[in-house]
Enquirer: 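Structure incoming, see below.
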Amino acid sequence: MQELSIRLPQIPDIAPLEPFDADLLRAMYRQMVLIRQFELKVNELFLQGIMPGTIHLSLGQEASVVGACMALEADDVITLTHRGHGQALAKGLSADSLMAELFGKETGCCRGKGGSLHVGDMSVGALPALAIVGASSPIAAGMAFAFKRQETGQVALNFFGEGTVNKGDWHEALNLASVWKLPVVFLCENNLYGVSTHISEVMAIEYVAERASSYGMPGSTIYGNDPIIVFQTVMAAAQRARSGGGPTLIECLTYRRGGHKRDDPGAYRPREEVEAWFKTDPIPAFRARLLKDERFSPSALDVLEEAVTATIDAAVDFALASDTPALTAALEFVYAD
Amino acid sequence: MQELSIRLPQIPDIAPLEPFDADLLRAMYRQMVLIRQFELKVNELFLQGIMPGTIHLSLGQEASVVGACMALEADDVITLTHRGHGQALAKGLSADSLMAELFGKETGCCRGKGGSLHVGDMSVGALPALAIVGASSPIAAGMAFAFKRQETGQVALNFFGEGTVNKGDWHEALNLASVWKLPVVFLCENNLYGVSTHISEVMAIEYVAERASSYGMPGSTIYGNDPIIVFQTVMAAAQRARSGGGPTLIECLTYRRGGHKRDDPGAYRPREEVEAWFKTDPIPAFRARLLKDERFSPSALDVLEEAVTATIDAAVDFALASDTPALTAALEFVYAD
Amino acid sequence: MLTDRTAPAQSSNRELTIVQALREAVREEMRRDEQVFVLGEDIRIGGSFLFTLGLLDEFGPERVLNTPISEAGFVGLAIGAAVQGMRPIIDFQYGDFIFTAFDQIIQQCAKLRYMSGGQVSIPLVFQLPTGASGRGAQHANSVETIFFGIPGLKIVTPATPYDAKGLFKSAVRDNNPVLFCVHKHLYGSKGRQLAKSSISRGHVPETEYLIPLGKGDIKKRGSEITVVANGQMLHRSLNVAEALESEGLSAEVVDPRCLVPFDTELVIDSVVRTSRIVIVEEGNERGGWGAQLAAEIANRAIGYLDAPVLRVASPNVPIPFSPVLESAVIPGESRIRSAILELMDQ
Amino acid sequence: MLTDRTAPAQSSNRELTIVQALREAVREEMRRDEQVFVLGEDIRIGGSFLFTLGLLDEFGPERVLNTPISEAGFVGLAIGAAVQGMRPIIDFQYGDFIFTAFDQIIQQCAKLRYMSGGQVSIPLVFQLPTGASGRGAQHANSVETIFFGIPGLKIVTPATPYDAKGLFKSAVRDNNPVLFCVHKHLYGSKGRQLAKSSISRGHVPETEYLIPLGKGDIKKRGSEITVVANGQMLHRSLNVAEALESEGLSAEVVDPRCLVPFDTELVIDSVVRTSRIVIVEEGNERGGWGAQLAAEIANRAIGYLDAPVLRVASPNVPIPFSPVLESAVIPGESRIRSAILELMDQ
Ligand SMILES: Cc1ncc(C[n+]2csc(CCOP(=O)(O)OP(=O)(O)O)c2C)c(N)n1
Ligand SMILES: Cc1ncc(C[n+]2csc(CCOP(=O)(O)OP(=O)(O)O)c2C)c(N)n1
Ligand SMILES: [Mg+2]
Ligand SMILES: [Mg+2]
C-alpha cells in the first residue's frame, strides 16, 4: 500500500488504460459524468427553491462509487448512505426515477415515500438507502448471509463514510461478517470529514483500513479518485467474497466538492486542503486520461456528455410532469400482506 | 508478551514475591479467599433455596479482580459486570452489605433494590453494576472524563468479559476514551466463554487485546490467574492513565470454575480444557507461593482463612436478620430532588 | 390453508407447556420452509428459556446459529437476510437486551418497507421473553409496551400453550416483523429446566393449526364487567374472575393476544354488553397499551359506560429486585380483585 | 431562588426565537456552573439547529466537545460524567439519532439511581430536535412519545421562546435526566441559518427566570372546550382556537409543556369547566401521550364529560417524504378544527 497523506491527496502512478475494454472505460466515464451532472442539476433546482427536502451531494466522490459498482455484477446488491444519489446511479438506478423521488412524486423509485435520504431500487440491486449512520452495515452483512445460504453467488457491498466507523453497528457488522465469512465488501468513502469533523478528531489512528485487523479481515487504503484503482480493488474483494473467502474492508480516499449538505458552505476545511483536493477532481482527470488513449476522442466524449445532459434534462421533465402521490398512498405499505 | 494458548492455560514463570510488601500480599490473599468463600456460601444458600434471584458466580476469577483492584487507589472507581460479587468485594464492598443485597434486604448496598446483578457501593468506588453487556464501558469512560476535567487524579477501571468485545457500546467507548485520552483502564476477564459460546466462535482473531490497535491504544494479554501479574500490569496502566497517557486495554486469561450462572452445568466445555484450567486455580496456587516465602506460615494463613469464614458467616447472619424494605420503598429513588 | 380455531380441539388431551408448544411450532415451520432459520445467543444449548432445545440436532448449525453478543449486528443481519427472502427467527435470551438493537428495529426494520414504497418486505420473528421475574430492573422490562406505538411492527403476547403455538406459526408465516413476547414466568422452563407450573400447561392438539394475528379471544364469558388482560396478567385475572364467579359476580375476561394489531372490536363488543371495564397489564401505567385501549373506549364507547375506565398496571417505577418489592409493584390478584370490586360499586 | 413566572414580564419587548432563547439559557447556566458542559456532533460550528453557535468562543473546547458519531458511546460517557458530579448537555443533531443509544438511556440512565438505592443521581440534558420536517421517515420521529412511558426520565416539549428558556434552565439544574424536545420547525433556525418564522418568535425578558418542570400553562382561556396540545401542535391549535373565537366558539388551549411530569390537574380542572376535550399531538395515534391523558380523563373525569374524548394525531404510519403526504399525515389546522367542531356537535 502506497503511503498517502490523510490531509493532502497523493495521487498514485496512473495505471495504463490499455488492458481495459473501451466499453468498460466509456461506461465508467459516462456514469461519473451522469452523477456529476445529476448532482449539479439537483443543486440548481434546490437553489431555485423548486426541490423539496434536504440534499447531501456526492460531487467529487464519483470515481469511488462508479469504480466500486462497476466491479459488481448486476445482481449483486449495494447499500447506500445519506449521500446516496451517486451510489444509486452508479448501480444503475434510472435518473428519471431518482429525480422523481427527490421531488416526492408517485413515479419515484420509492413512490415518493422515501425522498433523497432513502433512494434505491431493488430491481437494480440498490437497497433503498438508510440514513442512520452505521445502520446499513449489519443489513448488508445480512443480505450477504442470504446469498451465502442460498448459494446464489451474489455479493453485497456496503457503502459508508469514514465518520461511520466509530459507530457500534459498524463494528458489530464487521465482526459478524468475518466470523461467518460472509460475501460482503465494506467500502469506505473516506472524504476526511463527517459533517464538519475531521477524521483525526474522532479516531486515534490514521486510516480506517487499519481496523480490519480487529476482525481478522484484509483491509486496504486506496486512492479513491481513480475509478480504475477502485474497480480493481473491489473486483478482487468481490471475487474473494464469492469464492468463500469472506469480507474485505476497502478505504477509498476521496473528497467532497461541497459541504456536508446543501446549506453547508464547508468553511471548516483548510483552504490548502480544499485546493489540493479540488485539483484531483476525478472527472477531468479521467477524461484527460481517456484522451491519452487513442480509442477515445474529444468529440466522442463531448457527444457522450451531451447525451448525459439530455438524460438529466429529461429526468427533470419527467419528474416535474409526474403526479404527486394520491393522499391515500400515505397509508399504504406499512405492512406487507 | 508470552505466547499463551487460548484453550489451555500456559502458566508464565512465577515472579518472586520478595519485592512485594507482606501486607500487600496478605491483603491480596485475603481478598481472594474472601471472594471464594463468599461465592461458595452464596452457591450453598442458593442450593438450599434460601437465596432469591439469579446468580453469576465468579469462582476461579479471583486473581484477576483482586490483582486489578489492589492496583487502584481507594478513590479510583470500577464498573462491574453481571459477574460482579468478586469485583465488588475486591474494591472493598463489605460482605455484609453485599450479602444483604443478594437477599433483597433494606441493609443491602443498594437497599435491596438492585440485587445480584446491580451490586456496588459508591463509597468504596464501585459503581453499582450494569448487567447489560457492554453498557458499562462508555460509562466508565465518562467517569474518567469527569476525573480528567476535574483534575482529581482518579482513574476508572472497566471490567468486562471477552464476550463483550463484539458489542457496539464497547467499541464506541474505547474509541472515545482513546481520542480524548481519558484515564480509564479497560480490563477484560477473558474466561474463554460468553455463556456457552467459546471466544473462537465469535471473533476471527485470537486475543481481545489485539483490538487495542484499532484505537491506537496499548493492549496486552496476560495470565490472569496470577494476581501479581495482574497487579503490576494494571498498576502501570493506571499510572499511565493518571499521568495523561490515556487508556489501556488489558486482557486477563482466566477461567470460570462453574457454569455461566447457577443453573448451568457448563457441559459445553471440553473436559481436557476444564481439567487443565482447574489445575491453575489461583487460590491454592497463590497460597503455595506465599508459603514458599518465609514471611508466611501455614498457620497464619489458616487463621486468615478462618477469619474470612467468620466474616462470611457473620454476613449471612446479618443479611438474614435484616429487614426487608418497607413496601413504600418501591416508590423511592425514581427521581432525585 | 389450515383452519383457524380459537378453541382447542378436543380430540386428544395432550398437555404442553408454552415452550414445548413453541418448539413444536418452530420445528414444524422449519420443516415446512427451508428459508426459516433461527439465530441468537447460546441457542445451540437451547437458549435461555429452552425455546431452541433440540433444534440443532434436527436442523444443523447452518439453520441454528449461535451469534456473538451483538444485538444490533445480528438484528440488522436478520433484516438483510429477510429482505433477500429468508425468514429469520431471532431468539433473545431476555427481551430486555433488544434495546441495544432498538434503532435497527424501529428505524430500519419497521420503516424500510414503507420508505421504499413497498419494494421490500421483512418477515422476521423476535422471540422475546418479557416481564419481571426476580432479576432486577434491567431484566424486567415489559418489552411489548415499549414498541407498542411503532408502526410497521406486529406484537403478540400469548398466554396459553394453545395460543402460543398457533400464533407463533402465523408469526413465522407473516411477511412483517413480529415481536413475539412471552412472559418469562409462562414458558414453563426455569433456567435450563422444565418447570411444572400449572399456569403454563395447557391443551395443544396434535393436528396443525394457525391462529391469525390480531384476533383476540374471550377467555371467560361474563356479563357484568369486562376485564382485558394479557400474558401473565391474564392468568391472574382469570383466577380472580373465577373466584368472583363463585361469589356471584360475572366477569368477562378478554385476552387481546396481540397488541398490534389489536382486536378493539372484541373489547368494545364486550363493554357494550357489560358497561364496565378494567384493563390489566404488567408494564408501567404511563404509556401502556392499556392507555391506548382506555382512550379508544373513551372515544368510542363512552356512552355505554356505567363507570370510569379503570386500569391496573405497575406504578411508574423501574422494577425493584427485592422479592417483596417486586410483588408489590407488579399487579397481583388482590389488586385486580379490588379494582373489579371498586368498579362494581359505581 | 428566581421567581417562577408563567406569563412573560412586560418590562421590555425583546423578541427572540426559540434557539436564541435556548442559547441564552445555556450560556447563563454554563457561566453559573462550571460543571455544565456541552457535547455532541459538530457542535463547534453550532450544531444542526444552531443551539451551540458561539459557545465555543466563550467556553472553549474543554466545555464544548465535538464527538465522534457514537451516540451510545457519548451518551454513556455523559452518564458517567454526571454520576461524578458533572452536568452534561448533549446536543443531538436530530433527536432521531438517539435510538442508537436507546439502551444507554432507558436501561442505564433512567434506572441506575433506582437500582442503586439512591446512590447516584444523573443530571443530564438531552437537546433533541423532534418531529417531522420534510426529511422522510427516519428523521421525523416524535422522540418524546417513544420515551414517554419510561420511569426515571423527564420530558419537556416547549413551544415558545419564553417557555423554552425558563424550562431549559430548570432542566440543567434538575438532578435527573431530562429529554428536552423542541420541534424542528420551532427553533427558528433553518439549517445553518436563522429563519424568520413568526411561530418561533416571542417575548423573552432580559431578567433571569426559571419555569418549573411539570407545570402546564393555559395558553388561551376559553369556556366551551379544552384543547390540549404541545410543541408545533400548540401553535396550530392556537390558530384554530383564535379563529373559532371570532366565530363565537370559546376554546381553552392548554399547553402541558412537560410530558413527564405531566400537569394532569391543570387539564382536569379545565375539562371540569368545559366538559369537552380534544387532545392534539404530532406523533402516531397508537401509544401517544394523548392516549395516557385520555385514559386519565376516562378514569377521573368521565362524569364531567358531555362528549367522547377526541384525539388528533398522526395515523399509525411512518412519516412519508413527499411533502403532500407528510402534510396529509401530520395533523393540520383543518383536522384540529374539524375535531373541535365535531365534539361541539355532541
Ligand atoms: C446515528 C447517526 N448519527 C448522526 C447522524 C447525522 N449525520 C448524517 S451524515 C453524518 C456524517 C457522516 O459522515 P461520514 O460517515 O464520513 O459520511 P459523509 O457524510 O462524509 O459521506 C452525520 C453525523 C446520522 N444520520 N445518524
Ligand atoms: C446486551 C446483552 N446481551 C446479552 C446478555 C445476556 N448475557 C449476560 S452475561 C452474557 C455473557 C457475557 O460473556 P462475557 O462478556 O464473556 O462475560 P462472562 O459471563 O464470561 O463473565 C450474556 C450473553 C446481556 N446481559 N446483555
Ligand atoms: Mg466522511
Ligand atoms: Mg467470558
Side-chain angles (χ1 to χ4, degrees), chain B residues 77 79 101 106 108-115 117-123 127-132 134-150 152 154 156 158 167-177 179-180 182 184 325 329-330 332-337, chain D residues 34-35 37 39 61-63 65-88 100-124 150-154 174-178 213-214 260-261:
Chain B
V77 174
T79 65
E101 186 62 32
E106 175 61 30
C109 48
C110 302
R111 299 176 180 239
K113 289 166 97 167
L117 287 168
H118 305 295
V119 299
D121 182 345
M122 292 300 284
S123 73
L127 183 77
L130 303 170
I132 301 302
S136 66
S137 297
I139 295 174
M143 294 196 294
F145 178 90
F147 299 154
K148 180 172 178 164
R149 204 46 50 95
Q150 298 163 344
T152 64
Q154 287 159 278
N158 174 228
K167 228 16 221 168
D169 287 23
W170 182 85
H171 167 73
E172 298 191 13
L174 267 78
N175 187 61
L176 269 166
V179 169
W180 291 349
L182 303 179
V184 50
E332 288 168 9
F333 300 124
V334 181
Y335 293 99
D337 292 332
Chain D
E34 280 245 302
Q35 297 299 333
F37 70 102
L39 71 169
E62 300 275 288
R63 294 179 70 192
L65 289 102
N66 259 19
T67 61
I69 308 173
S70 305
E71 282 79 2
F74 62 70
V75 167
L77 184 138
I79 295 169
V83 162
Q84 292 298 340
M86 301 194 76
R87 305 186 86 85
T100 62
F102 196 68
D103 177 85
Q104 283 289 344
I105 298 169
I106 76 156
Q107 289 269 64
Q108 322 304 325
C109 189
K111 290 179 181 161
L112 188 50
R113 176 175 176 75
Y114 188 82
M115 299 191 301
S116 69
Q119 290 186 62
V120 302
S121 61
I122 305 180
L124 168 47
I150 310 296
L153 305 174
K154 296 188 177 180
D174 200 282
N175 286 322
N176 299 284
V178 180
L213 306 187
V260 182

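Letters go in sequence order (proteins before strands), and every chain restarts at 1.
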Enquirer: Is it the side chain or the backbone of D/Thr100 that comes within 4.5 Å of chain B heavy atoms, both, or neither?
Expert: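 Contact with chain B involves no heavy atom of D/Thr100 at all.
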Enquirer: So which part of B/Leu127 gets closer than 4.5 Å to some heavy atom of chain D, the side chain, the backbone, both or neither?
Expert: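 Interface part for B/Leu127: side chain.
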Enquirer: Just so I understand: if I count every heavy-atom pair under 4.5 Å between each of B/His118, B/Glu101, B/Arg149 and chain D, which residue has the most?
Expert: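 That would be B/Arg149.
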Enquirer: In terms of heavy-atom proximity below 4.5 Å to chain B, should D/Phe74 be classed as side chain, backbone, both, or neither?
Expert: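 Contact with chain B is through both the backbone and side chain of D/Phe74.
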Enquirer: Let me know if B/Val119 has heavy atoms under 4.5 Å from chain D in its side chain, its backbone, both or neither.
Expert: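 B/Val119 has no heavy atom closer than 4.5 Å to chain D.
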Enquirer: Grab the two heavy atoms, one from D/Gln84 and one from B/Gln150, that are nearest each other, plus how far apart they are.
Expert: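 Shortest heavy-atom contact: O-NE2, 3.1 Å.
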Enquirer: In sequence, state the C-alpha distance, the side-chain angles, and the governing distance for D/Gln107 and B/Leu130, and then conclude on side chain to side chain contact (heavy atoms under 4.5 Å, CB included).
Expert: CA-CA 9 Å; D/Gln107 289 269 64; B/Leu130 303 170; over 6 Å; no
Enquirer: Is it the side chain or the backbone of B/Leu117 that comes within 4.5 Å of chain D heavy atoms, both, or neither?
Expert: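 For B/Leu117, no heavy atom lies under 4.5 Å from chain D.
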Enquirer: Determine the option with the most heavy-atom pairs under 4.5 angstrom with chain D, choosing from B/Val179, B/Asp121, B/Asp337.
Expert: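 Looking at each of B/Val179, B/Asp121, B/Asp337 in turn, B/Asp121 comes out on top.
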Enquirer: Taking all non-hydrogen atoms of both residues into account, name the closest pair between D/Leu153 and B/Tyr335 and its distance.
Expert: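 In this case the closest contact between D/Leu153 and B/Tyr335 is O-OH, 2.6 Å.
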Enquirer: Look up atom CG in B/Asp169 and atom CD in D/Gln104, then write down how far apart they are to the nearest 0.5 Å.
Expert: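 It comes to 5.0 Å.
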Enquirer: Grab the two heavy atoms, one from B/Cys110 and one from D/Gln119, that are nearest each other, plus how far apart they are.
Expert: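 So the minimum-distance heavy-atom pair works out to SG-NE2, 3.7 Å.
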Enquirer: What residue, out of D/Lys111, D/Lys154, D/Met86, D/Glu71, has the most heavy-atom pairs lying under 4.5 Å from chain B?
Expert: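 Answer, by heavy-atom pair count under 4.5 Å with chain B: D/Met86.
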Enquirer: Return the option, out of B/Pro325, B/Gly114, B/Ala336, B/Pro128, with the maximum number of heavy-atom pairs under 4.5 Å with chain D.
Expert: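 Among the listed options, the one with the most contacts to chain D is B/Ala336.
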Enquirer: So which heavy atom on B/Val334 is nearest to which on D/Asn176, and how close?
Expert: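 It is O-OD1, 4.4 Å.
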Enquirer: Give every donor-acceptor pair under 3.5 Å between a side-chain atom in residues 137-146 of chain B and any protein atom, sequence neighbours left out.
Expert:
from	atom 1	to	atom 2	distance (Å)
B/Ser137	OG	B/Asn158	OD1	2.7

Enquirer: Roughly how far apart are D/Ile69 CD1 and B/Asn175 CG, rounded to 0.5 Å?
Expert: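 It comes to 11.0 Å.
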Enquirer: Once you round to the nearest 0.5 Å, how far does CH2 of B/Trp180 lie from CG of D/Leu77?
Expert: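 One finds 5.5 Å between CH2 of B/Trp180 and CG of D/Leu77.
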Enquirer: Where do D/Pro68 and B/Leu176 come nearest, in terms of heavy atoms and distance?
Expert: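 Smallest interatomic distance, heavy atoms only, reads CD-CD2, 3.4 Å.
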Enquirer: Select one option (side chain, backbone, both, neither) describing which atoms of D/Val75 are under 4.5 Å from chain B's heavy atoms.
Expert: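 For D/Val75, neither part sits under 4.5 Å from chain B.
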Enquirer: Could you tell me which residues satisfy salt bridge (charged side-chain N to carboxylate O under 4.0 Å, His left out) with D/Arg113, sequence neighbours excluded, listed by chain and number?
Expert: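 With sequence neighbours excluded, D/Arg113 shows a salt bridge (charged side-chain N to carboxylate O under 4.0 Å, His left out) to no residue whatsoever.
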